[in-house]
Amino acid sequence: MIKSKLREALNEYGTKQSWLVAKTGIHPAVLSRVVTGKSLPSLLNAYKIARALGKRVEDIWVWVIVWTCKACEYQFDPDTAEPIVPSDENILLKESDEDGVIKEAVVCPNCGRIVVDDR
């Protein structure tokens with residue numbers, strides 16, 4: 001899943017969508033959908049936006065690992081327990097198998113069962 005930090009980047013830069021529209025040439029309706037997280041930008045538009053804000057694309061759009069509880073199908077971020085990247089605070093188990101793959105387990109914030117990272 002990709003999480004957008006565009007709204008935060010705009011606030012940090014101290015500007016509004018209208019400025020970004022003028023700077024990038026992206027249609028206002030398209031930019032609005034990107035800022036609100038309703039859609040992802042094209043690769044070209046992502047670069048235009050990042051360049052205008054003095055950031056890298058990967059600083060604005062971040063890949064987030066989502067865990068799914070097999071018992072209740074709840075999807076969450078183990079760090080925050082919010083629906084849809086584990087922290088040391090909620091990890092119950094952290095071990096490596098013979099191939100060096102680290103397995104982690106956390107408690108599902110919805111049903112309380114243990115969820116194992118089996119990626």
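Only a predicted model underlies this, so the values are computations on that prediction, with no experimental measurement involved.
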Applying the 4.5 Å side-chain criterion to the ILVMFWY set and letting contacts propagate, would [X] and [Y] be lumped into a single cluster?
X     : Y     : value
Tyr47 : Val21 : yes
Val30 : Ile2  : yes
Leu6  : Leu40 : yes
Leu43 : Ile60 : yes

Quiz item: Out of Lys5, Lys55, Arg7, which residue meets the salt bridge (charged side-chain N to carboxylate O under 4.0 Å, His left out) rule with Glu12?
Solution: Lys55
Practice problem: May I have the step-by-step check of side chain to side chain contact (heavy atoms under 4.5 Å, CB included) for Leu31 and Asn45, ending in yes or no? | Solution: CA-CA 9 Å; Leu31 188 62; Asn45 284 347; over 6 Å; no
Gap between atom [atom2] of [Y] and atom [atom1] of [X] - 0.5 Å precision:
X     : Y      : atom1 : atom2 : result
Leu10 : Thr15  : CG    : OG1   : 6.5 Å
Cys69 : Tyr74  : SG    : OH    : 10.5 Å
Glu73 : Cys108 : CD    : SG    : 10.5 Å

Self-check item: Nearest heavy-atom neighbours spanning Ser4 and Val34
Solution: OG-O, 4.2 Å
Quiz item: Can you find a heavy atom in the side chain of Val115 that is under 4.5 Å from one in the side chain of Thr68?
Solution: no
Exercise. Enumerate the residue pairs fulfilling side-chain hydrogen bond (donor to acceptor under 3.5 Å, both in side chains) with a member in residues 21-40, sequence neighbours excluded, ordered by first and then second residue.
Key: none
Practice problem: Taking ring-ring contact (aromatic ring centres under 6.0 Å, His included) as the test, write out the residues that go with Tyr13, two or more places apart. | Solution: Trp19
